[in-house]
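To start, the structure itself, in structure tokens.
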Amino acid sequence: MTRFVGANSSTFPYSALAYIEATFIDGSRISGSGTLVGRNDVLTAAHVLYDPVLGAATNVRVEFGRDGRTRPIDTYDATELSYYKLETEEPGLLSQSESEYDFALVSLSDAVGDDIGWFALGDYAPGKEYRVTGYPGIYRDASGPR
């Protein structure tokens, strides 16, 4: 079932979901989703921050709770990136085994989590209910990422 968060995007847990836009040395941009997992740390995928050909992103901006044109919370610039340098066997595609290393942290200078909350990290618990939420490109429309 597809749903847009809308008016709830500025309240936890949706406020702790990040829309990330990374710019690379050639001016190309890539976007992805992230999750605030500490006062100022965003967990995301390494492929959002690093490209085997272009290297690391030169600029990374993070927005929380975004829904289309609605931006209820400030935009933040990354101050530090920690990621695996993914070297895929097939350019542009991750195999299942390569995806084990497809994670990264984006650090922000502001402790935004003190205001909007953050998710705790924990072990997977079989039988529990989980919700997948983020900014998949397929739902982007004229108003922006949703």
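FYI, side chains are in, hydrogens and waters are out, and symmetry mates aren't considered; it's all heavy atoms of this structure.
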side-chain contact (heavy atoms from CB on, under 4.5 Å) between F64 and D115, intermediate numbers included: CA-CA 11 Å; F64 295 97; D115 295 326; over 6 Å; no

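Atom CG of L105 sits about 10.0 Å away from atom CG of L81, to the nearest 0.5 Å. Distance check, rounded to the nearest 0.5 Å: CG of L49 to CD1 of I20 gives 6.5 Å.
Contacts classified as salt bridge (Lys or Arg N to Asp or Glu O under 4.0 Å) and involving residues 41-59 (residues at least two apart or in different chains) are not found.
No continuous path of hydrophobic side-chain contacts links Y19 to I30 [ILVMFWY only; heavy atoms under 4.5 Å]. In the hydrophobic cluster analysis, where Ile, Leu, Val, Met, Phe, Trp and Tyr join through side-chain heavy atoms closer than 4.5 angstrom, W118 is grouped together with V62.
Checked against side chain to side chain contact (heavy atoms under 4.5 Å, CB included), A120 has no partners two or more places apart in sequence or in another chain. Scored by the side-chain hydrogen bond (donor to acceptor under 3.5 Å, both in side chains) test, T79 finds no partners at all (sequence neighbours excluded). The salt bridge (charged side-chain N to carboxylate O under 4.0 Å, His left out) check on D77 picks up R61, with sequence neighbours excluded. Listed by chain and residue number, R39 satisfy the salt bridge (charged side-chain N to carboxylate O under 4.0 Å, His left out) test with D114 (two or more places apart in sequence, or in another chain). Residues satisfying the side chain to side chain contact (heavy atoms under 4.5 Å, CB included) criterion with S33, sequence neighbours excluded, are Y135. Listed by chain and number, the residues in a side-chain hydrogen bond (donor to acceptor under 3.5 Å, both in side chains) with Y50 are E87 (sequence neighbours excluded). Qualifying side chain to side chain contact (heavy atoms under 4.5 Å, CB included) partners for A46, counting only residues two or more places apart in sequence or in other chains: Y83, L86, D102, A104. For Y101, the ring pair (Phe, Tyr, Trp, His ring centres under 6.0 Å) partners are Y84, not counting sequence neighbours. D26 pairs by the side chain to side chain contact (heavy atoms under 4.5 Å, CB included) definition with F24, S28, L54, not counting sequence neighbours.
Smallest separation of non-hydrogen atoms from I116 and F12: O-CD1, 3.5 Å. Contact record, V60 with A22: CG2-CB, 4.1 Å, taken as the closest heavy-atom pair.
Residues V37 and V42 are not in side-chain contact: their nearest non-hydrogen atoms beyond the backbone lie 4.5 Å or more apart.
The side-chain contact (heavy atoms from CB on, under 4.5 Å) test with V106 singles out one residue from V48, L36, T44, and that residue is T44.
Remark: side-chain polar atoms of N59 are not paired, donor with acceptor, to backbone N or O of T23 under 3.5 angstrom.
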